[in-house]
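So the structure is just underneath, and the comments pick up after that.
Everything quoted here is computed from the prediction, not taken from an experiment.
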Amino acid sequence: RSRRPAQTKERLSVGCVGPHRPVLAPYATPPQHAQADERRSAQVVLNATDVYAFWSVQGRELVEHLPIRVMREKAVANVLIKMKDPHNAPHVMDALNGLEQEHVKRMLGPLYLYNDENATGHYRLDLRKTEDRMVAMKLTTLNRRERAKVRKERRTDLSQHGNGEYIRNSIYNGESFLYTSIWVIPVSGTWEFDYVSPIRPPDNAHPLEHHKFIEFMKEHVDFQIEIHIDNKEELYDVFKMFDADGSGDIDKKELRSVFRSLGQTISDADLEALVSRVDSDGSGDIDIEEFLGLWSEFMHQLKLKDRLAELRHVAATVYITALQLAELIRHMGTTEERVGVFTIMYSRVVDEENFHHALSHLSEDEISYLAYHLGPVSLFNPFRPSNQYKLNLERHDENLVCRMLVECNKSEPKTIFKMISYNEYGIPLTPWLRGDEDLPSRGRVGLLVEDNKFYNKRARAEIAMRMLGWEFEEGELEGFQ
């Protein structure tokens, strides 16, 4: 190394107190250096979220130390992907403002919605995207794990094809195929399918008490958005995210670009109506004083749109009754929401024998949708078989429903089959429908079932236990006389 020049040494010795003890003057970091240090520190935090898994409390604390918006959004996305307590995702998301939260949801796509503890649902994955491929890998791993659990416990196989695979209705690039665990997930293409978990609530699962359920409804279903921004800087930060040109006002073009950044479209009429509701001075633009009203309206619409996504996260932490599910359905405004909340809460209902309470609030088309996506076995109740059925006997789950109907009919002195067809042709009560012979392994059966007013409850309970794996508490069977 080169030696310091003599004059430098002399200059450094000025101001020494005693030998070799310099008095250091206070050093003021130039602003550009402070900003660089801040950015480097933020990058270290961001890198940590990309490498390590954190608990929600730890993740939120890290995110709150990031001053740069884009870094905050990316850090939250990283934390959510590997978080050790995924049901607490809303706690981490609360570190962001509403618009930043929507950016994160769009960034993660289906990965934001996914939860190992409550995975039943419909999926459409673009396998070119990292986040979508992660969902595919998580689900196939979960499928193998739950299949092993069912086999270990010697429970009934309720899968679509009788192969223990709970991924059903698989379509890859528009072509249907039979999924098995040996299928290698491609690196491109679109995979669409349903996953229906075979795991039911444990015996010690307790549904929400009435007052807790009312609180749950208020927070996640019948919510009212109240915006309280005590920190003016937070309001200005959100305002600046809308005000792209820095003019101090938000025009319709800027508002439309915000919707577009969230993957949403808004019609001219809806945009005009949204602005007119908060534009108190009639200027056509929104200033900072009018912004609070817009932000409240904006957040309400976004939360209303995303309430199914939020329900999926919190559903993994609660159990409910079929009557409570019926109440949730009753508060949903669209078909998408009604079938969505049934699907989300399907594995959280402790009394599946009472699903008819929830199904009574759905239309025939909505029930048909659920029967296709969740499978007819998921909705079948031996105690309430009255319905119209069209069953493909080549499919394991539909064949199983037909066998249970035959068993129900066999236990009754008077037939419950009012109309019968096979491959679209009307037929009489055949030996295989009487239970005297095995069912055909192929063909399509149509049945109109009207149950007797008084039926053999004990026989139905035995069908439910033997063929569906239902369990009854000690003493319940004695009551089925």
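Under a 4.0 Å N-O distance rule, the pair Arg151/Asp157 does not qualify as a salt bridge. Look at Asp351 and Arg200 and you find no salt bridge, because none of the NZ, NE, NH1 or NH2 atoms lies under 4.0 Å from a carboxylate O. A salt bridge links Arg155 to Glu153: at least one charged side-chain nitrogen sits closer than 4.0 Å to a carboxylate oxygen. Salt bridge absent: Arg403 and Glu407 never bring a charged side-chain N and a carboxylate O closer than 4.0 Å. A salt bridge links Lys105 with Glu310: the closest approach of a Lys/Arg side-chain nitrogen to an acidic carboxylate oxygen falls below 4.0 angstrom. A salt bridge links Glu337 and Arg307; the closest N-O separation between the charged side-chain nitrogens and carboxylate oxygens is under 4.0 Å. The existence of a salt bridge linking Asp126 and Arg128 is confirmed by a sub-4.0 Å separation between a basic side-chain nitrogen and an acidic carboxylate oxygen. The pair Glu366-Arg338 counts as a salt bridge, with a side-chain nitrogen and a carboxylate oxygen less than 4.0 angstrom apart. Classification of Asp268 and Arg256 as a salt-bridged pair holds, one side-chain N sitting under 4.0 Å from a carboxylate O.
Taking the centre of each ring, Phe355 and Tyr346 come in below the 6.0 Å mark. Between His161 and His396, the distance from one ring center to the other does not fall under 6.0 angstrom. Between Tyr112 and His313, the gap from one ring centroid to the other is short of 6.0 Å. If you look at Trp183 and Phe177, their ring centroids are closer than 6.0 Å.
Around the CD atom of Glu61, the shell of radius 6.0 Å holds no more than 12 heavy atoms that belong to other residues, nucleotides or ligands.
Contact check for Val104 versus Leu96: side-chain heavy atoms found under the 4.5 Å cut-off. At a threshold of 4.5 Å between non-hydrogen side-chain atoms, the residues Ile320 and Leu328 count as touching. At least one side-chain heavy atom of Phe216 sits under 4.5 Å from a side-chain heavy atom of Val314. Annotation: side chain of Leu374 is not in contact with side chain of Asp194 (no heavy-atom distance under 4.5 Å). At a threshold of 4.5 Å between non-hydrogen side-chain atoms, the residues Leu127 and Trp191 count as touching. Contact check for Thr321 versus Asn354: no side-chain heavy atoms found under the 4.5 Å cut-off. By the 4.5 Å heavy-atom criterion applied to side chains, Tyr166 and Tyr195 are counted as neighbours.
Distance check: Glu336 CD to Met332 CE gives 11.0 Å after rounding to the nearest 0.5 Å. Here the OG1-CG distance, from Thr190 to Leu125, works out to 9.0 Å after rounding to the nearest 0.5 Å. One distance of note links CZ of Phe380 with CD1 of Ile463; it measures 7.5 Å at 0.5 Å rounding. Note: Ser347 OG to Ile199 CD1 = 9.0 Å, rounded to the nearest 0.5 Å. Interatomic distance, Asp287 CG to Ile250 CD1, rounded to the nearest 0.5 Å: 9.0 Å.
Side-chain contact, Glu327 with His361: no donor N or O sits under 3.5 Å from an acceptor N or O. Judged by distance alone, the side chains of Glu353 and Asn381 never bring a donor and an acceptor atom under 3.5 Å apart. Looking at Ser56 and Asp85, their side chains do bring a donor and an acceptor atom within 3.5 Å of each other. No hydrogens or angles considered: nothing links the side chains of Ser159 and Arg147 as a donor-acceptor pair under 3.5 Å. Side-chain N/O atoms of Tyr52 and Asp50 include no donor and acceptor closer than 3.5 Å. For Trp470 and Glu352, the side-chain atoms include at least one donor-acceptor pair closer than 3.5 Å. Side-chain atoms of Asp245 and Ser247 include a donor-acceptor pair closer than 3.5 Å. Side chains of Glu165 and Thr180: a donor-acceptor N/O pair is absent below 3.5 angstrom, by distance only.
With hydrogens and angles disregarded, a donor-acceptor distance shorter than 3.5 Å links the side chain of Gln101 to the backbone of Met93. In this structure, Asp249 contributes its side chain and Asp285 its backbone to no donor-acceptor pair below 3.5 Å. Without hydrogens or angle criteria, Arg133 side chain to Pro186 main chain gives a donor-acceptor distance under 3.5 Å.
Both cation-pi conditions hold for Arg348 and Tyr319: the charged atom is under 6.0 angstrom from the six-membered ring centre and inside a 45 degree cone around its axis.
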